[in-house]
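Okay, structure first, notes after.
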Amino acid sequence: MNEKQLRRSLAVLPIGTVIKLTSLSARQIRYYETQELVFPERSEGNRRMYSLNDIDRLLEIKDYLNDGFNMEGIRKVYAMKKAQAAAEESQKLSDADVRRMLRKELLNSGGMLEDNLTKLPRRRI
DNA sequence: ATTCTAACA
DNA sequence: TGTTAGCA
């Protein structure tokens with residue numbers, strides 16, 4: 001796991017901050033946890049601590065709810081996403097591979113990087 | 001001041 | 001889901 005993903009997975013936000021960031025009530029946020037849709041960590045004093053990924057997850061849940069999904073329905077959505085990820089893993093076509101291929105395409109097909117800019121002919125002003 | 005669990009008008 | 005009670 002790289003630094004960026006590591007930071008996003010760090011549980012450092014108390015529920016009060018999560019409330020402000022998601023516009024969800026404490027009641028809802030805690031309830032979704034009992035429904036096993038989010039899994040916040042716990043601090044020493046038993047306080048729930050959320051990560052940025054948890055924030056994204058809560059916002060997603062919010063959207064699914066607006067689309068008419070119920071708790072178990074949303075749970076199934078994430079179950080499928082997990083199965084999907086496992087399938088891709090077995091096929092060795094991971095997200096990292098996709099990004100690697102895309103970057104190669106961009107570098108060859110023409111041009112938006114500083115390397116190329118420095119090689120362009122100078123123009124007088 | 002903030003969050004937690006449990007319970008209910 | 002909201003709200004309130006009684007703790008930590």
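Letters go in sequence order (proteins before strands), and every chain restarts at 1.
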**Report entry** Pairing of Arg57(A) and Glu33(A) as salt bridge, 4.0 angstrom limit
**Finding:** no

Query raised in the report: Counting only N and O atoms by type, is there a donor-acceptor contact under 3.5 Å from the side chain of Asn66(A) to the main-chain atoms of Lys62(A)?
Result: yes

**Report entry** Residues, nucleotides or ligands: over 12 heavy atoms within 6.0 Å of Glu3(A) CD
**Finding:** no

Query - Member of Ile15(A), Ile61(A), Leu37(A) meeting the side chain to side chain contact (heavy atoms under 4.5 Å, CB included) criterion with Ile29(A) - result: Ile15(A)

Query - Nucleotide dT3(C), atom P - distance to CD1 of Ile29(A) in whole Å - result: 15 Å

Report summary line: As its Watson-Crick or G-U partner within any shown strand, both distances under 3.5 Å, dA1(B) has none

Query raised in the report: Is a donor on one side and an acceptor on the other found under 3.5 Å between the side chain of Asp54(A) and the backbone of Ser51(A)?
Result: yes

Query - Side-chain ion pair, Arg47(A) and Glu41(A), N-O less than 4.0 Å - result: no

Query raised in the report: Expressed in angstrom and rounded to an integer, what is the separation of Ile19(A) atom CD1 from dG2(C) atom P?
Result: 11 Å

Query raised in the report: Expressed in angstrom and rounded to an integer, what is the separation of Glu41(A) atom CD from dT3(B) atom C1'?
Result: 17 Å

Query raised in the report: Does dA9(B) have a Watson-Crick or wobble partner in any strand here, with both distances under 3.5 angstrom, and which is it?
Result: none

Query raised in the report: What is the per-nucleotide protein-contact pattern of nucleotides 4-9 of chain B, from the 5' end, where B denotes a base atom under 4.0 Å from a protein heavy atom, S denotes such proximity for sugar-phosphate atoms only, and - denotes neither?
Result: SB----

